[in-house]
Amino acid sequence: MKFKGKSFIAIVLAPEQPFDSWFAELDRIIERSPGFFIDRPIILDVRGSNIPIEDLEQVLAGLAERSIRVMGIDGISGTRLKEGMPPSFGGGRLTTDVDVPEPAAQAGKADEAAGGNNPQVKEKNGPSGDAPSASEANGHSFAKSLDELERESARQGDSSIVISDHVRSGQSILHPDGDVTVIGSVSSGAEIIAGGSIHIYGTLRGRALAGVAGKDNARIFCTKLDAELVSINGLYKVADDFDGTLRNSPAQIRFENETLVFEGLS
């Protein structure tokens, strides 16, 4: 028998009093990017807080209501934890801060300044580590990429947008008002979030979340399926749960009877 080690990067949440305000901030993040916490390892950091076990139960219950699954608790003895709580966890090292979606109020002002119904594009440092700079990734600036997206959206004049470039690792594109079409590939560590359907004319290696506006008739199409996670109307599957026969093949994903159906594209 061989034992192997792996290193993972987790998101660390440190609850603060009053909890109502802390949860309100989490809700703003989730509203801005509905898939931000999906299938990401979460550590709860309570070091130095001397949090009562009853308050910890309240925090865990609030996180569970938001589908945020805690894999461990740092800063509390395992003997204090009740049955069913995540295990005591320690020994981690701090790494680069994760860039969370900006509050909705600020994003709304940005939308108005940009001229209305434009996608929100952000560089983020996710679980895969630091995002590469735009110049390293494809030879032009991130600002230029955003300008191109805005011009494309303005030309279309409707709720769908077309992105004529690859979506690189660390980039998150949010368009909650309609469909998103990518004329290129979506890299591992990248994220597409759409209110409607998602069309990828290339390889889907990152995360695709369709129907976030409550549309269970939304679909995900891609020329080559190699995704980390796919979701439609809040229902998601990770790579390990995909139909193996469709991996690296053209595929569509749809919502039917409270499950995700994977089908090949001929």
Requested in this report: Indicate the atoms forming the closest heavy-atom contact of K237 with F242, along with that distance.
Outcome: O-CE2, 3.5 Å
Query - Check: I43 and M71 side chains under 4.5 Å, non-hydrogen atoms - result: yes
Query raised in the report: Counting distance only, does the side-chain N/O of H166 pair as donor-acceptor with the main-chain N or O of S185 below 3.5 Å?
Result: yes
**Report entry** Contact summary for L204 and C222, nearest pair of heavy atoms
**Finding:** CB-CB, 3.9 Å
Query raised in the report: Where do R205 and S187 come nearest, in terms of heavy atoms and distance?
Result: CB-C, 3.9 Å
Query - Pairing residues for F221 by the ring pair (Phe, Tyr, Trp, His ring centres under 6.0 Å) criterion, not counting sequence neighbours - result: H199
Query raised in the report: Where do G178 and A194 come nearest, in terms of heavy atoms and distance?
Result: O-CB, 3.6 Å
Report task. Calculate, to the nearest 0.5 Å, the distance between atoms CD1 and OG belonging to I192 and S172 respectively. Result -> 7.5 Å
Query raised in the report: Mind checking whether R66 and F23 have side chains closer than 4.5 Å, heavy atoms only?
Result: yes
Query raised in the report: Would a distance-only check, ignoring hydrogens and angles, find a side-chain to backbone donor-acceptor pair under 3.5 Å from W22 to A14?
Result: yes
Query - Within 6.0 angstrom of Y201 OH, more than 12 heavy atoms from elsewhere - result: no
Query - Heavy-atom pair with the smallest gap, counting every atom of E263 and L246 - result: N-CD1, 3.7 Å
Query - Side-chain heavy atoms of L235 within contact of F255, under 4.5 Å - result: yes
Query - T259 side chain to E256 backbone, donor-acceptor under 3.5 Å - result: no
**Report entry** Heavy-atom neighbours of N50 CG exceed 12 at 6.0 Å
**Finding:** no
Report task. Tell me, with the steps shown, if I161 and T181 meet side-chain contact (heavy atoms from CB on, under 4.5 Å). Result -> CA-CA 6 Å; I161 63 168; T181 299; over 6 Å; no
Query raised in the report: From I220 CD1 over to S231 OG, what is the distance, rounded to the nearest 0.5 angstrom?
Result: 7.0 Å
Requested in this report: Report whether V230 and L265 are members of the same hydrophobic cluster (ILVMFWY, side-chain heavy atoms less than 4.5 Å apart, transitive linking).
Outcome: no
Query raised in the report: So does Q17 have more than 12 non-hydrogen atoms from other groups sitting under 6.0 Å from CD?
Result: yes
Query raised in the report: Would you find a donor on one side and an acceptor on the other, under 3.5 Å apart, between the side chain of T223 and the backbone of P250?
Result: no
Query raised in the report: How long is the span from the CG atom in L225 to the OG1 atom in T245, to the nearest 0.5 Å?
Result: 10.0 Å
Report task. Would you mind reporting whether M85 and L60 have side-chain heavy atoms less than 4.5 Å apart? Result -> yes
**Report entry** Between CD on residue Q58 and CD1 on residue I51, distance to nearest 0.5 Å
**Finding:** 8.5 Å
Query - Joint cluster assignment, I200 & V261, ILVMFWY side-chain distance < 4.5 Å - result: no
**Report entry** I253 and R219, any side-chain heavy atoms less than 4.5 Å apart
**Finding:** no
**Report entry** Residues E57 and K82 bridged, charged N to O under 4.0 Å
**Finding:** yes
Report task. Write down the atom of G195, the atom of K215, and the distance for their closest heavy-atom approach. Result -> O-CD, 3.4 Å
Query raised in the report: Considering only heavy atoms from C-beta outward, does the side chain of N233 approach that of V212 to under 4.5 Å?
Result: no
Query raised in the report: Do D74 and R47 pass the side-chain contact (heavy atoms from CB on, under 4.5 Å) test, and can you show the C-alpha distance, the side-chain angles, and the key distance before you say yes or no?
Result: CA-CA 6 Å; D74 187 8; R47 291 174 299 170; 3.7 Å; yes
Query - Point-to-point distance, once rounded to the nearest 0.5 Å, from CD1 of I68 to CD1 of I42 - result: 6.5 Å
Query - Candidate pair L26 and L63, rule side-chain contact (heavy atoms from CB on, under 4.5 Å), full reasoning - result: CA-CA 9 Å; L26 279 181; L63 293 173; 3.6 Å; yes
Query raised in the report: Would you say L13 and D45 make side-chain contact, with heavy atoms under 4.5 Å?
Result: no
Requested in this report: Assess whether side-chain contact (heavy atoms from CB on, under 4.5 Å) is satisfied between I73 and S88, documenting all intermediate values.
Outcome: CA-CA 5 Å; I73 304 174; S88 180; 5.9 Å; no
Query raised in the report: Got a second to check how far I76's CD1 is from S49's OG, nearest 0.5 Å?
Result: 7.5 Å
Query raised in the report: Between R207 and E228, is the closest basic N to carboxylate O distance under 4.0 Å?
Result: no
Requested in this report: Side-chain contact test, heavy atoms from C-beta onward, threshold under 4.5 Å: evaluate it for V180 versus I163 and give yes or no.
Outcome: yes
